[in-house]
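Report on the following structure.
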Amino acid sequence: MKPVVVTGPPRADIADAAALGEHGTATVHEAQGRTGYLGPQFRPAWPGARIGGTAVTALCWPGDNLMIHVAVEQCHEGDVLVVATTSPSTDGLFGELFATALARRGVRGVVLGTGVRDVADLRAMGFPAWSTAVSAQGTVKATAGGVNVPVVLGGQVVHPGDVVVADDDGVVRVARTDVAQVLDASAARVAKEAANRAAFQEGTLGLDVYGMREKLVQLGVEYVPYEKYRQERS
Ligand SMILES: O=C([O-])CC(=O)C(=O)O
């Protein structure tokens, strides 16, 4: 792999990214056709954060955070730093000092396909972080990798400038070219869910709200009174 730092890639609009962040991962995931989810192994370092930002990517070697230092310089207001490793790793590549530098640059959070550390400090400073591990294991700063190259996390390809949405349910990526369409679909979904919620609050059942009774007939589901069911089986 040839080490490279790509500067100034096109980014999604940071207001659009924030709006997707407000919708949250479950809505955005559904709105883009149930794709883009990095998987349940990506957990927040502390609960309650909800962000949407534009991806700056770093490809590091396991146990080596040199390229995070390089990536910090490429991060702008509204970005989310997305860190992958060249092979599986759980080491604590990122902690409170990196968070301090990123917060100073207006970065909204970090997503790591490896370990995070200093969790208590990250919580106290309110810097959002998602990772596949929490580990005190320290790292070296020795091997060159990539910045703003496509990276794969949880089977999803994240390109620099894509939108990353993250909350207590995990992390979802939205391709930069899909952002407008996913925003529209998310808003439509939120409106539909509001109508469904109102129906549930009034006591209407999901079976009727979603028109599933006909489906049950098609599937051959039979409603049998208890006594008849018992007699047939005795
Ligand atoms: O410096 C490191 O190796 C990572 C870390 O702990 C920090 O960012 O605070």
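Order of listing sets the numbers, starting from 1, for every ligand and every atom in it. All figures in this text were calculated on a predicted structure; none of them were measured in a lab.
If you chain together hydrophobic residues whose side chains sit under 4.5 Å apart, Ile51 and Val110 never meet in one group. Under the 4.5 Å side-chain heavy-atom criterion for ILVMFWY residues, a single connected hydrophobic cluster contains both Met125 and Phe98. Residues Leu59 and Leu93 do not share a hydrophobic cluster, clusters being chains of Ile/Leu/Val/Met/Phe/Trp/Tyr side chains in contact below 4.5 Å.
Classification of Asp79 and Arg105 as a salt-bridged pair fails, no side-chain N sitting under 4.0 Å from a carboxylate O.
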Residues 178-191, side-chain donor-acceptor partners within the protein, below 3.5 Å, at least two apart:
from: Ser186; atom 1: OG; to: Val182; atom 2: O; distance (Å): 2.7
from: Arg189; atom 1: NH2; to: Glu193; atom 2: OE2; distance (Å): 3.3

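If you look at ligand 1, the protein residues with a non-hydrogen atom under 4.0 Å away are Asn65, Leu93, Gly95, Glu96, Leu97, Phe98, Arg117, Asp118, Thr139, Lys141.
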### Task
Please test Leu205 against Arg213 for side-chain contact (heavy atoms from CB on, under 4.5 Å), starting from the C-alpha separation and ending with a verdict.
CA-CA 11 Å; Leu205 297 180; Arg213 293 194 189 275; 4.0 Å; yes
